[in-house]
Amino acid sequence: MSLLAVEELKELVGQPKGLFVSIYMPIERATAEHQRNSIRLKDLVQEARSSIVESGLNDKEASDFLQPIQELVDSDESFWGEEHSDGLAVFLASGVFRYYRLPLSFQELVVVTDRFHLKPLLPLLMIGDEQYYVLALSQKEVRFLRCTRDNVKEIELKDVPHSLDEALGYDETAKDGQRRMSTPKGGTNNSFQQAGSFHGQGSPDQDKQQDGILQFFHSIDKGLHKYLRGKRAPLVLAGVEYLFPIYREANTYQHLVEEGITGNAEHVKSEELQAQAWEIVEPLFSKGQQEAVERYKELTGTGLTSTDIKEIVPAACYSRVEQLFVAVGVQQWGIFNPDSNIVDLHSEAELGDEDLLDAAAVNTVLNGGTVYAVEPDQVPDGAQVAAIFRF
């Protein structure tokens, strides 16, 4: 499946409590390693079965419960060999079975408790998740790419004109000379070119043509709304440079990046656009996280920061956390009672426990905050978790 959206996270969080199984594992994409993937998942299912039996079910009940995942174990090579799948996340509960092949190589993890364990997914969801978009514009096509540093996926745009001709209603059977733009010496005629004169029998003048391009871009911007609504990931334009200010005039997405990928994008592979866009957005991600660290330092001692998980977990639940740093690959087991606001910590996972770092991160996301899922040594003050409060 494709990258997760916050809406899917909300659905997973919103399930009624019961018996929940969450499994994470890396995927080896080399053909020779497909059998190893199956064996790895089989071992993780066995680990889940043992935990389920410890919770009170017998062996047959546990096996019946895990049957949907067992069918994944027996999948053919096409399942394991899907392009851009570096990790597998599986979620199973009564009436719920979902699995995601994702561009993130997870550490092996099995969690059996009364809610789904979701923190390993957070790097794919956050503003610091290195997710970004590329909008490639040319005369004959429009491409919209959703990217991370290691993954790119073209998203099919529906109800959007896919070419200037389509947007302006040109007759595709008309002679080329009747509807072409002039090109610089030595140039080609298969893309938007640098601004120049327009010619040909019955062709519009330059101002009218640019008005048409603006109209075209308004249509694209409107069509992108359903894909970008609520997003904060950067959007990078790719195309001939003179188009950029025209598109910016039509644009309503707040996170359009000033710098773009210049040149004819029509025949450039998606992977090349992804790599070029990464060079543009990577400093933005680093800058955002560093600014958050500096803000944390400035607010230290004001009561608006904390590394105390017993304070952070309730604050995240009640929408107080604006920015959260949380260590990936680390769990802190315990129980949070929202009625009493009491947090009990345990050194080892006990029946009914949840990963409280996971709970704090997920609630921060759902309440509109920003989470930086980072390596343990990047959390401020050397803690497992650090928060900046709204109030």
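Side chains included, hydrogens not; waters and symmetry mates left out as well; all remaining heavy atoms used.
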Worksheet entry | With N251, the side chain to side chain contact (heavy atoms under 4.5 Å, CB included) member among I246, L135, L256 | L256

Worksheet item: Would the number of heavy atoms belonging to other residues, nucleotides or ligands and lying under 6.0 Å from CD of Q107 be above 12?
Response: no

Worksheet item: Centroid-to-centroid, Y253 to H255, below 6.0 Å?
Response: yes

Worksheet entry | Any donor-acceptor pair under 3.5 Å from Y100 side chain to G87 backbone | no

Worksheet item: Just checking, any donor-acceptor pair under 3.5 angstrom between side chains of Q67 and S63?
Response: no

Discussion item. Count I, L, V, M, F, W, Y as connected when their side-chain heavy atoms are under 4.5 Å apart, and connections chain through other members. Are M25 and I69 then in the same cluster?
Written reply: yes

Worksheet item: Applying the 4.5 Å side-chain criterion to the ILVMFWY set and letting contacts propagate, would V240 and L137 be lumped into a single cluster?
Response: yes

Worksheet item: Is there a path of hydrophobic side-chain contacts, each under 4.5 Å between heavy atoms of I, L, V, M, F, W or Y residues, that connects F106 with V328?
Response: no

Worksheet entry | Test side chain to side chain contact (heavy atoms under 4.5 Å, CB included) applied to L41 and L72, step by step | CA-CA 8 Å; L41 181 57; L72 291 186; 3.8 Å; yes

Worksheet item: Do N367 side-chain atoms and A316 backbone N/O form a donor-acceptor pair below 3.5 Å?
Response: yes

Discussion item. Filter on ring pair (Phe, Tyr, Trp, His ring centres under 6.0 Å), then keep only pairs touching residues 330-367, sequence neighbours left out; what's left?
Written reply: none

Item to complete: Determine yes or no for a side-chain-to-main-chain donor-acceptor pair under 3.5 angstrom, with T302 supplying the side chain and L299 the backbone.
Response: yes

Item to complete: Give a yes or no on whether the backbone of L118 and the side-chain of D358 come within a donor-acceptor separation of less than 3.5 Å.
Response: yes

Discussion item. Quick check: Y133 with F144 (ring centres under 6.0 Å apart)?
Written reply: yes

Practice prompt. For Q254, look at atom CD and say whether over 12 heavy atoms of other residues, nucleotides or ligands are found less than 6.0 Å away.
Written response: no

Worksheet item: For D381 and Y296, does a side-chain donor sit closer than 3.5 Å to a side-chain acceptor?
Response: yes

Discussion item. Do I342 and L356 sit in one hydrophobic cluster, given that two such residues count as connected whenever their side-chain heavy atoms are within less than 4.5 Å of each other, even indirectly?
Written reply: no

Discussion item. Checking R143 against S138: is there a side-chain donor and acceptor pair closer than 3.5 Å?
Written reply: no

Item to complete: Compute whether any side-chain donor of one residue and acceptor of the other, for Q290 and E294, lie under 3.5 angstrom apart.
Response: yes

Discussion item. Tell me the closest heavy-atom pair linking I312 and S306, and the distance in Å.
Written reply: CD1-O, 3.4 Å

Practice prompt. Using the six-membered ring of F389, assess whether NZ or CZ of R320 lies under 6.0 Å from its centre and within 45 degrees of the ring axis.
Written response: yes

Discussion item. If the threshold is 4.0 Å, N to carboxylate O, is there a salt bridge linking E11 and R98?
Written reply: yes

Worksheet entry | K226 atom NZ: more than 12 heavy-atom contacts under 6.0 Å | yes

Discussion item. Could you check whether E47 pairs with R49 (Lys NZ or Arg NE/NH1/NH2 to Asp/Glu carboxylate O, under 4.0 Å)?
Written reply: no

Discussion item. Under a 4.0 Å threshold between the charged nitrogen and the carboxylate oxygen, would E354 count as salt-bridged to R115?
Written reply: yes

